[in-house]
Amino acid sequence: MIISLQAGIDELNSSPIDEIYLLFAELIRSSMLARHYIVIDREACDWAVAELDLGSRQVAHLNHLKQNFAQKASLLTETNTRLSVGIGSSGLESLDNGSYRIGHRTLLSGSWLASTVLLVENADNDGDFADEIFSIIRRRHPVRNFCFVRRHGGGSTIVGALDREILEKRIVVCLVDSDKAAPAHPESATVRGLRNTERRGAYVGRIFVTRCREVENHVPLDLIKENQLCPSYDDYEEIEGAIAEDAENLAWLYFDVKAGFNGLVHLGKDYNDDTKKWINNVFVRDREPQHVMISGFGPNILREFLNCNKAIAEMKAYVETDNWKTRFGGFFEEMIWFFAADNRRSAI
């Protein structure tokens, strides 16, 4: 994440030198290890070199940050997603413009300078998929380098996992399935639980709820079919018919890719009227619900996609299309700002 030191020379001079030394040492360390994107202005860099008992590698890295300050500071004009560090004991504040502010003592009392956590329901499949998307869009994103660590949150347990990361005072991004069966379907209990955790107090990070039912719905049906990711699947005619007759072009976004659609199960669901109406119009159509069955692609379909190099290559092309940008544009791009990091400098 972009972490910017906002400190005047008078503030630095009037603060305990051991605290300021630790502040600079930790900021430099985070930058050198490429955990975050650290911005320190030239005057503060010069002051630290002159006044603090820094090692030669620390001084060299501060000079590197100073020399590149104009270029680094320009990234601040691209986004409000940043953590500004002031001098003092101010607590963490989440500002209305999407940025964050914190005093140096509060910063040093937590783990905000450790790598950002990406919390997902399935660390392997969902995490690997996110990696693929990030690698595609980084070519056109202002952030050229990023860093995060994946954490497995599970389905029903992801709420507690988010709470733990917040209590550990880490920057945390949570990618969670909406689990919505239709556009008008209310937020799931899991998403509501995450929102409640979010409202309990300020933290650095964000909950990203998919704009579709699950992560699997990002992979287009054509790609699954053409690459035979599920060779035994025999309901293409059914699902393609639903997609073709859906004027809003949303059928695939809310289809249960893993489990499919079962009309009998649908009849037993306590959905709101708008959700029932949409499902009936898109998947049931002019039939009796109990007679409608559309097979799913199974619980491993995302892994099958991730194991197919040709499918991934085609996904790269799809992410550049207007179709993708209309449905998902900005979603993963906004997430990347929380992962912004400097180039790793292992030797200076």
Side-chain angles (χ1 to χ4, degrees), residues 120-122 125-126 129 133 153 155-156 158-159 174-196 198 206-225 230 233 235-299 301-302 305 318 321-332 334:
V120 291
E121 294 182 76
N122 184 303
N125 292 343
D126 294 357
F129 179 81
I133 299 301
S156 60
I158 197 169
V159 176
C174 182
L175 172 60
V176 62
D177 294 333
S178 77
D179 290 327
K180 293 174 70 170
H185 197 184
E187 289 187 333
S188 68
T190 297
V191 173
R192 293 197 303 272
L194 290 169
R195 301 282 191 214
N196 289 337
E198 190 174 46
R206 193 173 305 170
I207 298 166
F208 287 83
V209 182
T210 58
R211 296 179 187 171
C212 48
R213 187 171 188 141
E214 297 177 296
V215 168
E216 285 81 358
N217 296 84
H218 291 93
V219 181
L221 176 63
D222 290 348
L223 192 150
I224 294 174
K225 182 178 181 180
C230 187
Y233 192 76
D235 270 355
Y236 281 111
E237 186 174 343
E238 269 288 348
I239 187 60
E240 287 173 338
I243 292 172
E245 293 190 27
D246 175 27
E248 295 179 298
N249 198 27
L250 298 175
W252 181 249
L253 295 186
Y254 295 99
F255 178 64
D256 190 333
V257 176
K258 292 181 288 189
F261 177 80
N262 185 317
L264 277 173
V265 173
H266 165 62
L267 286 172
K269 293 289 188 179
D270 186 24
Y271 290 146
N272 62 38
D273 290 343
D274 288 339
T275 297
K276 287 180 179 178
K277 181 179 179 181
W278 187 87
I279 291 173
N280 286 332
N281 288 339
V282 172
F283 296 118
V284 178
R285 289 170 279 168
D286 298 323
R287 298 172 290 182
E288 293 295 325
Q290 63 268 28
H291 299 314
V292 180
M293 176 79 74
I294 308 174
S295 301
F297 293 87
I301 188 61
L302 190 58
F305 160 75
Y318 173 56
T321 65
D322 289 339
N323 186 284
W324 169 275
K325 292 172 184 176
T326 298
R327 294 179 172 189
F328 310 116
F331 182 80
F332 291 96
E334 185 62 29

*Should the heavy atoms of other residues, nucleotides or ligands under 6.0 Å from NZ of Lys325 be counted, would the total exceed 12?*
yes

_We want to know whether Asn323 and Tyr318 form a side-chain donor-acceptor pair, criterion being a heavy-atom distance below 3.5 angstrom._
yes

*What are the two closest heavy atoms between Lys225 and Glu240, and how far apart are they?*
NZ-OE2, 2.9 Å

*asked:* Quick check for you: to the nearest 0.5 Å, what is the distance between Glu198 atom CD and Arg206 atom CZ?
replied: 9.0 Å

*Can you find a heavy atom in the side chain of Tyr254 that is under 4.5 Å from one in the side chain of Val282?*
no

*Given side chains that start at C-beta, do those of Phe283 and Glu238 come closer than 4.5 Å, heavy atoms only?*
no

*Below 6.0 angstrom between ring centroids: does that apply to His218 and Phe305?*
no

*asked:* Run Arg195 and Arg192 through side chain to side chain contact (heavy atoms under 4.5 Å, CB included) and show every step you take.
replied: CA-CA 5 Å; Arg195 301 282 191 214; Arg192 293 197 303 272; 5.5 Å; no

*Under the side chain to side chain contact (heavy atoms under 4.5 Å, CB included) rule, what do Leu302 and Asp126 come out as? Steps first, then yes or no, please.*
CA-CA 8 Å; Leu302 190 58; Asp126 294 357; 3.8 Å; yes

_Distance, nearest 0.5 Å, that separates CD of Glu121 from SG of Cys174_ = 7.5 Å

*Mind checking whether Phe208 and Phe331 have parallel, tilted or perpendicular rings, split at 30° and 60°?*
perpendicular

*Are any non-hydrogen side-chain atoms of Ile224 and Val219 less than 4.5 angstrom apart?*
yes

*Can you find a heavy atom in the side chain of Arg327 that is under 4.5 Å from one in the side chain of Asn249?*
yes

*Minimal non-hydrogen separation, Trp278 against Ala251, with atom names*: CH2-CA, 4.1 Å

*Can you list the steps and then say if Val176 with Ile207 is a side chain to side chain contact (heavy atoms under 4.5 Å, CB included)?*
CA-CA 7 Å; Val176 62; Ile207 298 166; 4.0 Å; yes

*asked:* Quick check for you: to the nearest 0.5 Å, what is the distance between Arg213 atom CZ and Ser178 atom OG?
replied: 8.0 Å

*Check whether any side-chain heavy atom of Glu214 sits under 4.5 Å from a side-chain heavy atom of Asp256, and report yes or no.*
yes

*Do you know which of Asp273, Asn280, Asn281 makes side-chain contact (heavy atoms from CB on, under 4.5 Å) with Lys277?*
Asn281

*Would you confirm whether Asn217, through its side chain, and Trp252, through its main-chain N or O, come within 3.5 Å as a donor-acceptor pair?*
yes

*Verify side chain to side chain contact (heavy atoms under 4.5 Å, CB included) between Ile301 and Tyr233, making sure each step is shown before the conclusion.*
CA-CA 11 Å; Ile301 188 61; Tyr233 192 76; over 6 Å; no

*Closest approach of Phe328 and Cys212, non-hydrogen atoms and distance?*
CE2-SG, 4.0 Å

_Residue pair Phe255 / Leu221, side-chain heavy-atom distance below 4.5 Å_ = no

_Shortest non-hydrogen separation from Asp235 to Ser295 and the atoms involved_ = OD2-N, 2.8 Å

*Hey, what do you get for CE (Met293) to CG (Leu264), rounding to the nearest 0.5 Å?*
7.0 Å

*Where Ile279 and His266 come nearest, the two heavy atoms and their spacing*: CG2-CE1, 3.5 Å

*Give the minimum heavy-atom separation between Thr210 and Leu175, together with the two atoms involved.*
CG2-CD1, 4.2 Å

